[in-house]
Amino acid sequence: EAGRIADDEGLSVYVVGGFVRDIILGVENLDIDIVVEGDALRFSEKLADYYCAHLTKHDRFGTAVVVLEDDFKIDVVTARKEYYEYPASLPVIEGGTIKDDLFRRDFTINSMAIKLNKSGFGNIVDFYGGRRDLQMGLIRILYNLSFVEDPTRVFRAIRFEQRYDFRMEEKTEEFAIKAIESGILGKVSHERINFELFSMLKESNIPAILERMEQLHILKKVYPQIMLTNDLKKVLRNAEEDFAYFSEKLNHPESPDRTLLYLLILHSNMDHENAAKSSENMRLTKEYKEEILKLIEVRDRVLSNLSGNVDISYYDVYNELKGLSIEILLVLCMISGEKKVINRIILYINNLKNIKTYISGKDLRDLGVKPGPEYKLLLEEVLAAKLNGSLQTYKDELEFLKR
Ligand code: ATP
């Protein structure tokens, strides 16, 4: 239908970029990007009308989003020519042809289009060798200054490399290394770098991405506090398998926040000062920052107090772990790697965490205890006895109190 609407309007219309790449690879991709040679706004209005879909227009940029369903949307832009006034700046934009539009893209594999008009429908437009590179598994820039003009492409190159098990073409890698060595990443705003970080944390192969970032000396430059030691690499490599194992073992209603899990792992070997610096540098939300600092605060104590050499009661286990989030608990299991510690944490999550006493302050009052600090102490004692298994029923708890 997009093709028919385009024909009616006398415009040439193409689907471009990641969608085309993934169709050729046979990978699902729900983000459709359409480029219009001409007025994208007019075209998007007709398209939204036809599908009775919601339309968001950005008049200033001449772009629009047609939302068909919650996770199914079409971005529509006017074909454009871009140039950069200075390295790492934002580009200056002018109207252009589909060829210009494809040339401003990051890599050849992302620079293909498929025509939607009736004449030529389905034809792949491939000016820059995208199909060849897809076949050879190569990430290749379109022009030599690509990384200098937009250094965030270095992160994108690594992401696509690791996602599809491709590699950077030789010259492309050389240009990437030169761009990194020139220090140009330092000119990119925190927002854009962090956008790349969070895109990476959504990928399935996070450890490989981080190791590649380390190999290319990027990690040191953008996240100097991260210490990718052999121990940490091991934790990262096992992470997905560990998550799956724990999700099966745990009676926990919500699935953990995967991004937070990885952020915790990345900070798990830092001291408080570096963890605070790093999470500030990453501009993390207050909630994420607090989680990270909490992990650092409890890490050493928990790991030593729950280790196999220590003989402790269920109540002690409860006290060590109470109030910690499921993500922190999982990461403690993963960085410890010790069976006894892991079993104690699982026991806490599955059995101890939700144990509460039946009796309450009201029962204490009825028994004639005067309100005050003693209340709390008594309730704690009942909870301790209950966690350690000596109390089952409400009556048991009352009897215990009376004694
Ligand atoms: P993903 O599957 O990760 O969403 P994608 O290729 O669809 O990959 P987007 O970030 O949605 O990635 O970008 C859409 C298209 O826009 C890309 O395919 C590419 O052609 C172009 N693009 C995105 N970022 C850049 C960039 N920094 N420089 C040049 N072109 C870019």
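In this text, all values refer to a predicted model and were calculated from it rather than measured experimentally. Just so you know, ligand 1 is whichever comes first in the structure, and atom 1 is the first atom listed for that ligand.
- For ligand 1, the polar-atom distance check against Asp31 finds no nitrogen or oxygen pair separated by under 3.5 Å.
- For atom 7 (O) of ligand 1, the closest non-hydrogen atom of the protein is Gly18 CA, 3.7 Å.
- Inside a 4.0 Å radius of atom 12 (O) of ligand 1 there is at least one protein heavy atom.
- In this structure, the protein non-hydrogen atom closest to atom 22 (N) of ligand 1 is Arg156 NH2, 3.8 Å.
- A distance below 6.0 Å separates the ring centres of Tyr262 and Phe243.
- When the heavy atoms of Asp33, Val154, Asp106 are ranked by distance to atom 30 (N) of ligand 1, first place goes to Asp106.
- Remark: ligand 1 and Arg159 share an N or O pair separated by less than 3.5 Å (distance only, no angle test).
- For the pair Lys294 and Glu290, the salt-bridge criterion is not met [side-chain N within less than 4.0 Å of a carboxylate O].
- For the pair Phe19 and ligand 1, the shortest N or O to N or O distance does not fall below 3.5 Å.
- When heavy-atom distances to ligand 1 are checked against a 4.0 Å cut-off, Asp150 comes that close only through its side chain, counted from C-beta outward.
- Ring pair Phe107/Phe160 is perpendicular by interplanar angle, where above 60° counts as perpendicular and below 30° as parallel.
- Between Arg21 and ligand 1, at least one N/O pair is under 3.5 Å apart.
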Legend entry - Audit row: Asn117, Ser119, side chain to side chain donor-acceptor pair (under 3.5 Å) steps and yes/no: CA-CA 5 Å; Asn117 295 73; Ser119 110; over 6 Å; no

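- A side-chain N or O of Ser313 and one of Asp316 form a donor-acceptor pair less than 3.5 Å apart.
- Between Arg163 and ligand 1, a contact under 3.5 Å exists for at least one N or O pair.
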